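Convention: sequence-line order gives letters A, B, ...; per-chain numbering from 1. Since the model is a prediction, treat every value here as computed from it, not as a measurement.
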Amino acid sequence: MSKTLVEKIWDAHVVKSEEGFPDILYIDTHLIHEVTSPQAFDGLRKRGLPVLRPKQTVATADHNVPTLNQLLPIKEELSRYQVDMLTKNCAEFGVELYGLGHPFQGIVHVIGPELGITLPGKTMVCGDSHTSTHGAFGAIAFGIGTSQVEQVFATQCLLQSKPKTMKIEVNGELGKGVGAKDIILYIIAKISAAGGTGYFIEYAGSAIEALSMEARMTICNMSIEMGARGGLIAPDQTTFDYIKGREFAPAGEEWDKALAYWKTLYSDVDAKFDSVLTFDAADIAPMITYGTNPGMGMGIQEHIPATGAQPEKEKLSYQKALDYMGFDDDSSLIGKPVDYVFIGSCTNSRIEDLREVADFVKDKHKADNVTVWIVPGSKQVEQQAKNEGLDKIFEAAGFQLREPGCSACLGMNEDKIPAGKYCVSTSNRNFEGRQGQNARTLLASPLTAAAAAVTGKITDVRDLLEKA
Amino acid sequence: MKKFTKLTSAVVPLNIENIDTDQIIPARFLKATTREGFGENLFRDWRYENDNQPKADFVMNNPTYSGQVLVAGKNFGCGSSREHAAWAIQDAGFDAVISSFFADIFKGNALNNGLLPIQVSDEFLAQIFNAVDSNPKSALEVDLENQTVTIVETGAQESFEINPYKKSCLINGYDDIDFILAQKELIAEFEQAK
């Protein structure tokens, strides 16, 4: 029978399937971090259970760590306690930890791929909704709650109902100044912040196939922002080339065996999806969000949609969002001054993102009214940036290169945007207060963020690229 | 896990769509390492000013409204997977949340804690909001066994869907770990066959 890619991987991991019950799904790899794991470890202690497969569990500290002076003790007491608790729990239960100071430390969704832990055909979970990032390799990867973290610790399995499948095809060539972040913000704006709920999304089409692995990760990362449990892309030569030689990737005979299996991981030609959507890459402009959910996005030259044009029962929520942002409906954002630019997060903090920004800002300087933070996704990304001299370019441009962590994406540590200030951010969520109480977030690509940094206002990056 | 069978209660109406888990419990409160005490920070930035004074216009600060049922607009619980959102709602005294649409992860987290997410039609949700508008003490009856929710005053009733396995977990107070561990031998068999 023909199967979609999701069905192939899912079916290969079903321990038990019984009518009226969710499937018992085997989990190959469990990634954990300091914020959503302590209560799960506590639960194990209460039940007197071990972590069943500690070698299939990998930990790092990312959500609640400082991004300056990481080797000094964490100043804030609760944060220090939470990070110490992870260290203690990992030691007690025999879980490998890449904590602060370790050369592999970083955002959990950045280190999995760069260490070769993320592989095609795997099932992967983490107590973080952006676990969908790993789907870029053709894995079933999704975010879970803390009770489920405990469940995977205890059983290496999850009770899960098989998701519906959606295919989103993007065909054609992207325009100048348009990248993966713009593709995904465009899709979310088209189908809304809830349009993918209940689905696993497979991204396909010539525009997706042409993307690098890091760009594919940006796409899959934001699947959750339309409500989808996960997103994935069939592995191809780009995928295999990226994985080969990485720290924990299979090698030698194991590589050949793995590769043969990975080459079977694609949706069969006549496989049935529950929903199929198709977009044309040429229609996509640099995107920016104007509201308080990621579905409230538009091409940067467009006007914010009129409140009057919204469905009746959505008008109130819509206007509340614009009031929070301090924007008028039916207005343009071009030229609007910004206060902060944040380049980082599991969406856009990999080396290609930093290279793209460095390439753009070389011989330019940030505007006086803007504070710019660049937070690399991992120690390895940070080191690579320094090896390539990107740190010097950022310094000359007045951009601050910090140390790895989730940082201002969720403002759990001290990296917060002050109340009322505008931040153009390469992260994934523009929710009220996400980057700090009453902070105002505009989501965009690294290039659009860099353009805002240099001009001090919302700018169509294509205008600057043409001048160059 | 906390059991759920039936309840009759007034409701707290929050007619806003796309309420994300950052609103339910902002990230700065996620530093706690236990499950308790999140209720006081539920909807923190909608509920309190920066100086911790309650915001008079927020529904939870209006003594007219109370009850064990939270009623909210569609796509409730979207965004971050933080289970702290379900813990906060429960800790604040709610046993059920009603919306016309729930985000997946929130829904799963709620069910895993004995907090019942009830998905109703847009029309029925509007009926609930209307009933509470005209009488803030208007009560709902939630019956998990029969999978119904009823507006007591008007008698209007709607059925809701719930996975039969999760339903039995809620009624009996079992959780998924108990269920899987009872068949633990299957896991080892699967690993060997791999």
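- Contact of A/L410 with chain B is made through backbone and side chain together, with heavy-atom distances under 4.5 Å.
- Residue A/N89: no heavy atom, backbone or side chain, is found under 4.5 Å from chain B.
- No side-chain heavy atom of B/E83 sits under 4.5 Å from any side-chain heavy atom of A/Q39.
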Does the pair A/R47 and B/D178 meet the rule for a side chain to side chain contact (heavy atoms under 4.5 Å, CB included), with working shown?
CA-CA 10 Å; A/R47 293 174 200 255; B/D178 300 330; 3.4 Å; yes

Assess the residue pair A/T155 and B/I187 against the criterion (side chain to side chain contact (heavy atoms under 4.5 Å, CB included)); give the C-alpha distance rounded to whole Å, side-chain angles, the decisive distance to 0.1 Å, and a yes or no.
CA-CA 8 Å; A/T155 69; B/I187 303 167; 4.0 Å; yes

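- For A/V149, no part lies under 4.5 angstrom from a heavy atom of chain B.
- For B/A193, no part lies near chain A; criterion is any non-hydrogen pair under 4.5 Å.
- At least one donor-acceptor pair closer than 3.5 Å links the side chain of A/R429 to the backbone N or O of B/G79.
- For chain B, the nearby part of A/S317 is the side chain; its heavy atoms alone come within less than 4.5 Å.
- When heavy atoms are compared at a cutoff of 4.5 Å, B/D176 approaches chain A by way of both its backbone and its side chain.
- The shortest heavy-atom contact between A/A154 and B/L181 is O-CD2, 4.0 Å.
- The shortest distance between side-chain heavy atoms of B/D22 and A/E432 does not fall below 4.5 Å.
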Test log, rule side chain to side chain contact (heavy atoms under 4.5 Å, CB included), inputs B/N109 and A/S147:
CA-CA 7 Å; B/N109 288 341; A/S147 294; 5.8 Å; no

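- For a residue to count as touching a neighbouring chain, one of its non-hydrogen atoms must lie under 4.5 Å from one of that chain's; by this rule A/Q56 touches chain B with the side chain only.
- Of the two parts of B/F29, neither the backbone nor the side chain holds a non-hydrogen atom closer than 4.5 Å to a non-hydrogen atom of chain A.
- With a 4.5 Å cut-off on non-hydrogen atoms, B/K166 does not touch chain A at all.
- A/K313 places a side-chain heavy atom less than 4.5 Å from the side chain of B/E17.
- Proximity to chain A (any heavy atom under 4.5 Å) is restricted, for B/N18, to the side chain, taken from C-beta onward.
- A side-chain donor-acceptor contact under 3.5 Å links A/Q82 to the backbone of B/L30.
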Between B/R35 and A/E150, is a salt bridge (Lys or Arg N to Asp or Glu O under 4.0 Å) present by the stated rule, with each step listed?
CA-CA 13 Å; B/R35 290 175 182 240; A/E150 186 182 338; 3.6 Å; yes

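- For B/F179, the part lying under 4.5 angstrom from a heavy atom of chain A is the side chain only.
- In this structure, the side chain of B/K31 does not engage the main chain of A/V35 through any donor-acceptor pair within 3.5 Å.
- Side-chain atoms of A/Y26 and B/E191 include a donor-acceptor pair closer than 3.5 Å.
- Interface residue B/K74: only side-chain heavy atoms are found under 4.5 Å from chain A.
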CA sep, side-chain torsions, deciding dist, call: A/I144, B/I105, side chain to side chain contact (heavy atoms under 4.5 Å, CB included)
CA-CA 7 Å; A/I144 56 177; B/I105 305 181; over 6 Å; no

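- Contacts of A/H13 with chain B are made by both backbone and side-chain atoms, with heavy-atom separations under 4.5 Å.
- The contact between B/Q183 and chain A is made entirely by side chain atoms (from C-beta outward), counting heavy-atom distances below 4.5 Å.
- When heavy atoms are compared at a cutoff of 4.5 Å, B/D104 approaches chain A by way of both its backbone and its side chain.
- If you measure heavy-atom distances from A/E76 to chain B, the contacts under 4.5 Å come from the side chain alone.
- Side-chain contact between A/T146 and B/N112 is absent, with no heavy atoms from C-beta onward closer than 4.5 Å.
- Contact annotation for B/Y165: both backbone and side-chain heavy atoms come within less than 4.5 Å of a heavy atom of chain A.
- Rounding to the nearest 0.5 angstrom, the gap separating the OG atom in B/S80 from the CZ atom in A/F431 is 8.5 Å.
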